[in-house]
Q: 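Sharing a structure here in structure tokens format.
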Amino acid sequence: MASQFQCLYRSVIEVRNGLTFLDLIVKQIENLNHTYNSSVPLVLMNSFNTHDDTLKIVERYKDLKLEVITFNQSQYHRVVAEDMVPWPAKGKTDNAGCSKLIYDDEVPCWLDSVGCPSLKYKLVGGGKKQKGDRSWFSKKSLEEVDVEDMHQYPTMISNFDCKTMKLAVALSGSESTTFGPAEPLSALDDPDGNVDLRVVDQNNSHFRFLITTTSHSDGFAQTQVVRLRPYTLFTNRLGLPLELRQVGVDHSNTLQPWDWRTTFAFPQVQEFLQLQIRLEGSEWSLLFAIKKEGVMDIVVRHASGHRQYVRLDVRGYDDGSRFVAIFQLGSGRGPYRVENRTGQVRIKFRHVGLDESAWRSIRPHSSATFAWENLLGEKLLEVMQEGRDASQTVQIDPDRIGDHPMISGNKTSGFNICVRVLDAPAAKVVRFFDSEVEIQPKDDSGGYEIEQTAPSQGVTQPMHDVQERRPEAPSQMEISVGVGRLGLSVIDQTPRELIFLVTEKVDLVYATGLGENVSRFTTTVGYLQVDNTLPLTPMPVLLAPEIHKVEGNVIKATALMKADTGEAAQVYPYIGLQLTKAAFRINAHEALIWAFLEMYNNLHLDRLSSDSPVVSVDPEITIEYVNLPFIHVLCLSLLCRSHPLCSWFFSLIFGCKYARP
């Protein structure tokens, strides 16, 4: 019968034409019984508070051919909190000493396993009655929940208590139905707590999951959601297949270009996952570990000696998973650059601790980029002059900015080699250059050498890096193309002319070398008009400015492009579109739209080959500033004509002003 609402019973509130909710239900049942010649009764469940009033209300239906059944729902005695004695034992025998049974729509808990393979789970545990518990209610002991399958939809868990329960899972549909160890869920009592869970498949490989808790997505605090997610997810944004394997095993998994947030089973149990990757035609990279959030550059060597950089972006606690590893194309330059500015000395360098094949050589007056190949090793650079003994290597820390100890020279070079690390905008630079200390023989008979300081500057004085501080004069170039008047027609397969476009004073300007590797492309249009050339068209002008003679240009588009940014990204510092202050008029007619649609259908683009080696990769677009100062629609008119073809057209006039930021 429902409870009270604003001192009324909700079932007897008038809703339409003097009829209440209950009256409408009675009419529906009467119509049902009359239509199907049946005798469906009306059953009303009441609480002890509304039962007596309900009997009075249903008296109005006694003359109808309808059976009305009422019953009272269960009620429980209230308990005194001090001594846990029911109220009836203390003389409270009326309704005030009772409590009705409350039905709630919320469920105690949901178990959500989106993104995981098909799993079976079981909950083990339960509460025990403690000594001194004077409650006369017996606590239900939950020993084991029947095995249930978890698919893409959440599973309801009743009588859930994370303080006393344990959870175990097994792979559903596999030959091995062995459950993994049951892990206690007591850590979930803390909203920020989590539980690590593992399961073994038929190949004896381990899946690792992370269990966290959150509230219902709609914000119901009463509904708790236990999220079961893969511990580590992998996404491929390289645009080509990527192999990855656990260190020390031969089995590898392939991450395809379309794989997004995919998980794998690995043979070994590791606290922090240690992996190697390989691209097509390359060797396995050195090992790296996924143990914290951040970005790392992984070096992959090809058989030709070419090194390719793969950027790994590791994100943490994304939608319940501990790590989300995203593989992207890395910068072609690497985070470090080695410059050899000596006069005639070839320099070799490598990451300390690697084998002989890791040595790289740079000629005088040249440079090379590099990244750490052993991400778990010591971050030091091993350097030596080419042709000298391997024992005369020097270790350099490229992260320590400033001057480093010099490398001793030989008779061929005539100078010692200075080492300096600079923090450039694009990368840290390790620079080698000749010192001002010349090496000369002492005499003809002895093999000793002395150092003679050049008079211009002492060895202890720092050298000024003139080339770093002096801006280079860029090589500027500008290409301009101007067209006085240009006409263009679009003709379909009939042949029939659909539209005619005419432009005046069109200028295309491309300029490069503007500083900071910036190029600019500018397009200006003095006048633009598009005519609808279909016969008997009511609006022959499709697009045109309201005033033919306008000051300046009707359209001006400018785009700045920054090249050689050192990142796997294309940067456009400025993109602008400026229209004339005069309004534009657009007149669209239905016949023209159908004509273009017919022309498109006759192109038969499906005959073109769809085989392409190009792989689509999700772009990441960042916009730092958008300025739309003024857009104004002056007039909009729509005209529909009622005839068999339902011909229509509309006229739109708009104006746009633009202020360059």
Side-chain angles (χ1 to χ4, degrees), residues 237 239-240 256-260 481 483-506 508 521 523-546 548 553-557 559 570 572 575 577-580 582-621 623 628 631 633-656:
R237 289 185 179 174
L240 62 158
Q256 298 294 343
W258 53 84
D259 285 336
W260 182 79
V481 177
V483 179
R485 178 173 294 184
L486 175 65
L488 178 65
S489 294
V490 177
I491 301 174
D492 63 4
Q493 74 284 349
T494 304
R496 176 182 55 175
E497 186 180 34
L498 303 182
I499 62 173
F500 176 73
L501 180 146
V502 60
T503 60
E504 297 179 0
K505 298 179 182 180
V506 179
L508 305 176
F521 182 77
T523 301
T524 58
V525 180
Y527 182 76
L528 173 67
Q529 179 173 328
V530 181
D531 295 335
N532 183 353
T533 57
L534 291 179
L536 303 179
T537 177
M539 308 294 288
V541 179
L542 180 62
L543 172 66
E546 277 291 280
H548 179 76
N553 304 302
V554 295
I555 298 177
K556 181 179 180 181
Q570 190 67 50
Y572 297 89
I575 298 177
L577 177 63
Q578 180 178 356
L579 302 181
T580 178
F584 274 80
R585 177 182 293 274
I586 300 178
N587 301 315
H589 188 236
E590 180 191 4
L592 182 62
I593 298 176
W594 286 109
F596 269 103
L597 181 61
E598 182 183 1
M599 184 182 70
Y600 174 78
N601 292 332
N602 282 276
L603 292 177
H604 297 293
L605 297 179
D606 54 343
R607 294 179 298 182
L608 300 178
S609 175
S610 59
D611 298 334
S612 174
V614 179
V615 180
S616 177
V617 181
D618 295 337
E620 294 185 0
I621 302 175
I623 301 176
L628 296 175
I631 295 179
V633 177
L634 301 178
C635 176
L636 175 63
S637 61
L638 178 65
L639 176 60
C640 294
R641 298 181 177 178
S642 178
H643 60 78
L645 295 179
C646 187
S647 177
W648 59 267
F649 66 89
F650 69 88
S651 176
L652 173 64
I653 304 175
F654 70 93
C656 179

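What you see below is based on every heavy atom in this structure, not just the backbone, and it leaves out hydrogens, waters and symmetry mates. Residues: numbered from 1 along the sequence shown.
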Q: Search all heavy atoms of Pro545 against all heavy atoms of Val554 and return the closest pair with its distance.
A: CG-CG1, 4.0 Å
Q: Tell me, please, which residues at least two apart from Glu598 pass side chain to side chain donor-acceptor pair (under 3.5 Å).
A: none
Q: Leu543 and side-chain contact (heavy atoms from CB on, under 4.5 Å): which partner among Asp531, Ile586, Ile499, Asn587?
A: Ile586
Q: List the atom of Arg485, the atom of Glu504, and the distance in Å for their closest heavy-atom pair.
A: NH2-OE2, 2.9 Å
Q: If you round to the nearest 0.5 Å, how far is CZ of Phe596 from CG of Asp492?
A: 9.0 Å
Q: Give the intermediate values and the outcome of side-chain contact (heavy atoms from CB on, under 4.5 Å) for residues Asn553 and Val525.
A: CA-CA 6 Å; Asn553 304 302; Val525 180; 5.9 Å; no
Q: Roughly how far apart are Phe500 CZ and Leu488 CG, rounded to 0.5 Å?
A: 8.0 Å
Q: Taking only residues two or more places apart in sequence or in another chain, which ones pass side-chain contact (heavy atoms from CB on, under 4.5 Å) with Leu597?
A: Trp594, Asn601
Q: Counting only heavy atoms from other residues, nucleotides and ligands, does the tally under 6.0 Å from OH of Tyr600 exceed 12?
A: no
Q: Quick check: closest heavy atoms across Thr537 and His589, and the distance to 0.1 Å?
A: OG1-ND1, 4.4 Å
Q: Give me the atom names and distance for the closest heavy-atom approach of Leu542 to Ala588.
A: CD1-CA, 4.1 Å
Q: Closest approach of Ile491 and Met599, non-hydrogen atoms and distance?
A: O-SD, 3.9 Å
Q: Can you tell if the side chain of Leu577 reaches within under 4.5 Å of the side chain of Ile555, non-hydrogen atoms only?
A: yes
Q: What's the separation between atom OG1 in Thr523 and atom CG in Leu508, rounded to the nearest 0.5 Å?
A: 5.0 Å
Q: Can you name the side-chain contact (heavy atoms from CB on, under 4.5 Å) partners of Leu534, sequence neighbours left out?
A: Arg496, Leu498, Asn532, Ala591, Leu592, Ala595
